[in-house]
Amino acid sequence: MAYIDGFVLAVPTANKDEFLAHARMGDAICIKHGALRVVECWGDDVPHGKQTDFHRAVEAKEDEAVLFSWIEWPDKATRDAGMQKMMEDPQMNPENNPMPFDGKRMIYGGFVPVVELKQ
């Protein structure tokens with residue numbers, strides 16, 4: 001059964017090109033280690049809520065965009081092995097390749113799909 005890693009983060013809009021380069025590098029490493037698909041989405045219509053919202057979840061500032069991303073893996077075992085290899089990859093070391101956003105405000109988690117509809 002498929003397994004999904006999901007992410008929400010805030011990226012300074014001035015760092016969009018830097019983020020895209022960083023994501024392309026990291027996403028390629030995900031694919032190299034077994035991911036089936038990686039999707040990076042730059043916020044376009046992300047409303048502010050009355051009680052909670054994506055902006056609050058990542059403490060987005062006025063000059064930041066909210067991003068929603070996911071990695072699709074064939075199963076959790078492949079994900080666990082792939083993530084371990086990614087964390088050991090020198091290209092993923094923040095000292096070698098600093099993140100163009102505040103990683104402390106990123107939220108993420110692993111998810112088991114329970115409903116999937118296709119056309």
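One-based numbering along the sequence shown. Worth saying up front: this structure is predicted, and the values here are computed from it rather than measured.
Atom NZ of residue Lys104 and atom CD of residue Glu59 lie 12.0 Å apart, to the nearest 0.5 angstrom. Atom-to-atom distance recorded for Glu62:CD and His55:NE2 is 9.0 Å, nearest 0.5 angstrom. Separating the CE atom in Met86 from the CE atom in Met92 is a distance of 4.0 Å, to the nearest 0.5 Å. With values rounded to the nearest 0.5 angstrom, Trp70 atom CH2 is found 13.0 Å from Asp5 atom CG.
Remark: Arg24 pairs with no residue by the salt bridge (charged side-chain N to carboxylate O under 4.0 Å, His left out) rule, at least two apart or across chains. Lys32 meets the side-chain contact (heavy atoms from CB on, under 4.5 Å) test with Asp89; sequence neighbours excluded.
Nearest heavy atom pair, residue Pro100 against residue Phe19, reads CG-CA, 3.5 Å. Considering all non-hydrogen atoms of both residues, Thr78 and Gly34 come closest at CG2-O, 3.9 Å. Val11 approaches Leu67 most closely through the heavy-atom pair CG2-CD1, 3.7 Å. When all heavy atoms of Ala60 and Val66 are compared, the pair lying nearest together is CB-CG2, 4.0 Å.
The local environment of CZ in Phe54 is sparse, with at most 12 non-hydrogen atoms from other residues, nucleotides or ligands closer than 6.0 Å. Counted within 6.0 Å of CG on Asp63, heavy atoms from surrounding residues, nucleotides or ligands total more than 12; the atom is thus considered enclosed. Remark: Met87 CE is packed, more than 12 non-hydrogen atoms of other residues, nucleotides or ligands lying under 6.0 Å away.
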_Could you walk me through whether Met83 and Ile71 satisfy the side-chain contact (heavy atoms from CB on, under 4.5 Å) test, starting with their C-alpha distance in whole Å, then the side-chain angles of each, then the deciding distance to 0.1 Å, before giving a yes or no?_
CA-CA 11 Å; Met83 281 294 201; Ile71 305 169; 4.3 Å; yes
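A 4.5 Å side-chain heavy-atom check between Val58 and Glu64 finds every atom pair outside the cut-off.
Cluster membership for Phe7 and Ile4, using ILVMFWY side-chain heavy atoms within less than 4.5 angstrom, is not shared. Note on Phe111: it does not cluster hydrophobically with Leu36, by side-chain heavy-atom contacts below 4.5 Å among ILVMFWY residues. Cluster membership check: Phe68 does not share its hydrophobic cluster with Tyr3, using side-chain heavy-atom separations under 4.5 Å among Ile, Leu, Val, Met, Phe, Trp and Tyr.
Side chain of Arg37 to main chain of Glu72: no donor-acceptor pair is present (N/O by atom type, distance under 3.5 Å, no hydrogens or angles). Between the Arg56 side chain and the Gly49 main chain, a donor and an acceptor come within less than 3.5 Å of each other.
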